[in-house]
Visitor: 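Here's a structure for you.
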Amino acid sequence: MDREGKGRKKTYITELTIVLAVIVAGAALQIVTGPFNSAIVRFPANAVFLLIFLVAAALPPNSVVARLGTLSLSVILISSFLILSLIMGLIPQSGIVNSWPFALTYLMLLTNLVLVAGRRARAFRLKDSGFMLNHAGLFILLFSAGFGSADSGKYFMTVYEGRVEWRGENIKTGQIDELPVAILLKNFDMEEYFPKSIIIDKRSGDAIPSYDWVIVSDSLVDNDNHAPAAYIRASNNKTGDKYEGWVSCGNYSQPFRVLDLTERICVAMAYPEPKSFSSEIEVKRERGSSKSGVVQVNHPLTVGSWKIYQYSYDMQKGRDSGYSVFQLVHDPWLIPAYIGIFMLFIGSVTLFWKGGKR
Amino acid sequence: MSWNEFIYFAAAALVLWFSGVVALYLFKKRYFSDLLISAGLIVFASFIVLLWIWLKHPPLRTMGETRLWYSFFLVIVGYLTYLRWRYKWLVAYSTLVSAVFILINLLKPEIHTANLMPALQSPWFVPHVTVYILAYAMMGAATIAALIALYGSSAESEKLINMIDNLVYIGLAFLMAGILMGALWAKAAWGDYWSWDIKETWALITVCAYLLYIHSRRGGYSRKITLWIIPIGFVLLMITWLGVSYLPAAQGSIHVY
């Protein structure tokens with residue numbers, strides 16, 4: 001407890017009461033007005049909050065505000081956050097994320113963090129660097145993720161090969177919106193792993209282990225517009241039975257083929273799994289130049305403040321898919337969020353280096 | 001150079017690493033262990049480099065290739081942590097887990113061709129998992145020490161408390177690094193650095209538990225109550241790691257493959 005007063009044990013009851021009162025008030029608000037809608041903190045509301053936070057942190061606080069930045073309150077808020085997250089982890093349908101009690105706890109946590117960081121900043125010493133990085137970094141990240149997310153937009157866009165699309169399905173509202181960016185899909189490309197041949201139970205369709213049968217596959221057929229197929233030779237170690245024939249998992253235009261071994265089991269081919277899929281696109285903006293590039297999983301394309309992600313394709317047709325589904329994300333608070341993440345990252349290096357030393 | 005030669009490099013590296021661990025316990029001077037562990041790392045790194053040249057792309061696309069990096073980074077980070085904090089057992093642990101990954105690669109060669117699904121093909125995959133493995137080690141050790149402190153004499157508790165704090169701080173550093181790398185990866189793969197996926201939620205719960213410990217320790221609360229947070233945190237950590245897939249809530253999670 002380096003720079004805080006003693007006698008905290010007596011006071012944490014007060015802080016606990018405040019937090020519980022706010023959470024109960026949140027629950028009441030929830031009952032009266034329904035779930036918390038983050039749209040109410042959209043710009044400029046979130047900017048006003050940020051200003052209030054920063055002023056509160058910069059000014060030497062009076063005794064009432066100072067109370068919101070104490071360590072006892074941090075402990076109680078971390079506990080509340082832990083309990084609320086635990087409910088979320090056990091019952092995701094609980095809707096905690098969009099509830100007033102959670103939103104208000106989040107608000108108290110941000111207030112606590114900014115006051116703590118502000119107090120340290122006003123009496124900054126070099127050895128406080130780690131502390132500042134962790135607390136200010138967490139504040140920046142939580143603010144951008146919480147208050148900033150109200151300004152973000154996320155859309156799904158389905159684009160057919162050779163066509164241009166500018167309408168997207170808003171993920172938050174489910175509505176179709178016209179977007180300031182349009183995508184021309186030049187080409188969708190997909191590679192699949194050649195599917196495995198497996199022995200299955202004919203009645204249940206489940207794969208079953210079979211130690212008596214030796215399965216050799218050759219003459220693999222793997223061309224565009226054709227279902228993968230393999231010529232299978234199966235022999236039984238015990239009985240010496242031998243069977244051979246073509247096996248295929250089939251696709252949208254061709255039926256599947258299996259090789260019967262007994263009345264109960266047969267050799268079948270699993271469905272191919274995707275290895276990689278990518279879309280060659282050109283993005284046109286209402287204002288500004290167009291940009292071409294290839295989008296694939298883990299490799300989004302950035303155009304202005306938009307990021308375009310490869311999301312899906314025609315699952316039935318696999319590599320013959322005639323369209324590609326993109327996720328378009330617009331997040332003006334992304335850079336502050338990254339700054340927060342970066343500060344926390346350096347902060348965790350200082351945690352590692354300094355350990356538990358006071 | 002191909003996976004066929006892996007066994008020779010792996011065997012040489014393991015012999016060097018385990019001799020390094022033995023040297024760590026036998027000799028007062030760090031000279032021998034430094035030399036042996038570094039030599040092992042050079043041998044292992046040479047295999048990775050040669051495999052990289054043979055494959056013509058970084059070996060990061062298959063499960064087997066991923067395990068190769070775990071084996072490598074675990075020993076590096078484990079030893080670096082030792083250099084800073086002198087926890088010999090951590091080097092032994094890292095080497096052991098590294099050996100497990102090597103053995104899996106030797107015994108289940110099919111993983112060398114079984115490619116990763118697209119979302120897992122990311123440079124974040126290996127460091128993300130590596131720091132979590134080290135976090136489990138630090139928190140596991142902290143849990144054992146906390147239980148000894150809780151059930152032992154007060155003199156023992158006094159002796160252990162500084163070490164427990166230290167282990168939790170280092171473990172938390174690894175947990176934070178893991179969750180932050182996960183966030184950056186998620187942003188690249190799914191468009192959002194945080195989406196309240198069940199695994200993410202549990203990772204946050206775990207971090208909160210250890211943050212609670214650290215802040216309670218500074219707040220001068222009863223040591224007995226504070227110490228109990230550590231074993232509880234470890235149970236939460238284990239649920240995050242292994243248990244989440246079994247929760248009914250895991251349906252549709254992006255972390256369940």
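What you see is a predicted model, and the numbers here were worked out from it, not measured in a lab. Here is how names work: the chains are called A, B, and so on, in the same order as the sequence lines, proteins then strands, and each is numbered from 1. Reckoned from all heavy atoms, side chains included, excluding hydrogens, waters and symmetry mates.
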Visitor: State, with a plain yes or no, whether a side-chain heavy atom of B/Trp190 is found less than 4.5 Å away from one of A/Tyr309.
Guide: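 Answer no - side chains too far apart.
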
Visitor: Please identify each residue that fulfils salt bridge (Lys or Arg N to Asp or Glu O under 4.0 Å) with A/Glu192, with sequence neighbours left out.
Guide: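 If we apply the salt bridge (Lys or Arg N to Asp or Glu O under 4.0 Å) test to A/Glu192, skipping adjacent residues, the hits are A/Arg319.
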
Visitor: If you tally heavy-atom pairs under 4.5 Å against chain B, which of A/Ile83, A/Leu141, A/Leu328, A/Val297 wins?
Guide: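 Result: the option with the highest number of such pairs is A/Val297.
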
Visitor: Using non-hydrogen atoms only, which part of A/Leu334 is less than 4.5 Å away from chain B: side chain, backbone, both, or neither?
Guide: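 The answer is the side chain of A/Leu334.
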
Visitor: Looking at every non-hydrogen atom in both residues, tell me the closest pair between B/Ile198 and A/Gly89 and how far apart they are.
Guide: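 Scanning both residues, the minimum pair turns out to be CD1-O, 3.0 Å.
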
Visitor: For A/Met88 and B/Leu204, what are the C-alpha separation, side-chain angles and deciding distance, and is it a side chain to side chain contact (heavy atoms under 4.5 Å, CB included)?
Guide: CA-CA 11 Å; A/Met88 257 184 263; B/Leu204 177 71; over 6 Å; no

Visitor: Could you check whether atom NZ of A/Lys172 has more than 12 heavy atoms from other residues, nucleotides or ligands sitting under 6.0 Å from it?
Guide: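 Counting other residues, nucleotides and ligands, NZ of A/Lys172 exceeds 12 neighbours.
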
Visitor: Measuring heavy-atom distances to chain B, does A/Glu273 have an atom under 4.5 Å in its side chain, in its backbone, in both, or in neither?
Guide: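 For A/Glu273, no heavy atom lies under 4.5 Å from chain B.
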
Visitor: If only atom types and distance count, is the side chain of A/Tyr338 paired as donor or acceptor with the main-chain N or O of B/Leu184 below 3.5 Å?
Guide: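 Answer holds: no.
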
Visitor: Once side-chain contact (heavy atoms from CB on, under 4.5 Å) is applied, do any residues pair with B/His215, and if so which ones, sequence neighbours excluded?
Guide: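 For B/His215 the side-chain contact (heavy atoms from CB on, under 4.5 Å) partners, ignoring immediate neighbours, are A/Leu71, A/Ser74, A/Val75, A/Ile78, A/His135, B/Leu211.
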
Visitor: Kindly determine whether A/Leu90 and B/Trp202 satisfy side chain to side chain contact (heavy atoms under 4.5 Å, CB included), including the steps that lead there.
Guide: CA-CA 9 Å; A/Leu90 293 169; B/Trp202 277 92; 3.8 Å; yes

Visitor: Can you tell me how far CZ of A/Phe352 sits from CE of B/Met176, rounded to the nearest 0.5 angstrom?
Guide: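 Here the rounded value is 15.5 Å.
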
Visitor: If every non-hydrogen atom of A/Gly355 is compared with every non-hydrogen atom of B/Asn166, which pair is closest and at what distance?
Guide: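 Taking A/Gly355 first and B/Asn166 second, the nearest heavy atoms are CA-OD1, 3.1 Å.
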
Visitor: Among B/Leu236, B/Asp192, B/Leu172, which residue has the highest count of heavy-atom pairs closer than 4.5 Å to chain A?
Guide: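 The candidate making the most pairs under 4.5 Å is B/Asp192.
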
Visitor: Around atom CH2 of A/Trp353, are there more than 12 heavy atoms of other residues, nucleotides or ligands at under 6.0 Å?
Guide: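 No.
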
Visitor: Just verifying a value: how many Å separate A/Asp331 CG and B/Tyr193 OH, rounded to the nearest 0.5 Å?
Guide: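 So the CG of A/Asp331 and the OH of B/Tyr193 are separated by 5.5 Å.
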
Visitor: Please indicate whether A/Phe156 has more than 12 foreign heavy atoms, meaning atoms of other residues, nucleotides or ligands, lying under 6.0 Å from its CZ.
Guide: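 More than 12 heavy atoms, drawn from other residues, nucleotides or ligands, come within 6.0 Å of this atom.
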
Visitor: Heavy atoms only, distances under 4.5 angstrom: which of A/Leu84, A/Leu82, A/Val349, A/Ile308 has the most pairs with chain B? Name it, please.
Guide: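 Among the listed options, the one with the most contacts to chain B is A/Leu82.
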
Visitor: Is chain B contacted by the side chain of A/Lys196, its backbone, both, or neither, given a heavy-atom distance below 4.5 Å?
Guide: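 No part of A/Lys196 comes within 4.5 Å of chain B.
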
Visitor: Please list, in residue-number order, every residue in residues 339-347 of chain A that has a heavy atom less than 4.5 Å from any heavy atom of chain B; write 'none' if there are none.
Guide: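 Listed by number: A/Ile341, A/Leu344, A/Phe345.
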
Visitor: Please flag which part of A/Asn134 lies under 4.5 Å from any non-hydrogen atom of chain B: side chain, backbone, both or neither.
Guide: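 Contact with chain B is absent: no heavy atom of A/Asn134 under 4.5 Å.
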
Visitor: Taking all atoms of both residues into account, what is the closest heavy-atom pair of B/Ala188 and A/Pro300, and its distance?
Guide: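 Reported closest heavy-atom pair: O-CD, 3.6 Å.
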
Visitor: Do any of residues 79-86 of chain B come closer than 4.5 Å to chain A, heavy atom to heavy atom, and if so which ones, in number order?
Guide: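 The list, in residue order, reads B/Thr81, B/Arg84, B/Trp85.
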
Visitor: Based on non-hydrogen pairs under 4.5 Å, which of B/Leu175, B/Ile205, B/Ile170 is most in contact with chain A?
Guide: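 Ranked by heavy-atom pairs under 4.5 Å with chain A, first place is B/Ile205.
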
Visitor: Taking all heavy atoms of B/Thr201 and all of A/Ser85, pick out the closest pair and write down the distance.
Guide: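 Heavy-atom minimum between the residues: CG2-O, 3.5 Å.
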
Visitor: If you compare all heavy atoms of A/Ser348 against all heavy atoms of B/Ala173, which two are closest, and at what distance to 0.1 Å?
Guide: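 Scanning both residues, the minimum pair turns out to be O-CB, 3.1 Å.
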
Visitor: Would you say B/Tyr169 and A/Thr350 make side-chain contact, with heavy atoms under 4.5 Å?
Guide: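 No, every pair of side-chain atoms sits at 4.5 Å or beyond.
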
Visitor: Measuring heavy-atom distances to chain A, does B/Trp194 have an atom under 4.5 Å in its side chain, in its backbone, in both, or in neither?
Guide: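 For B/Trp194, there is no contact with chain A at all, as no heavy atom is under 4.5 Å.
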
Visitor: Looking at B/Pro123, B/Ala189, B/Ser216, B/Gly191, which one has more heavy-atom pairs under 4.5 Å with chain A than the rest?
Guide: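 Sorted descending by pairs with chain A, the first entry is B/Gly191.
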
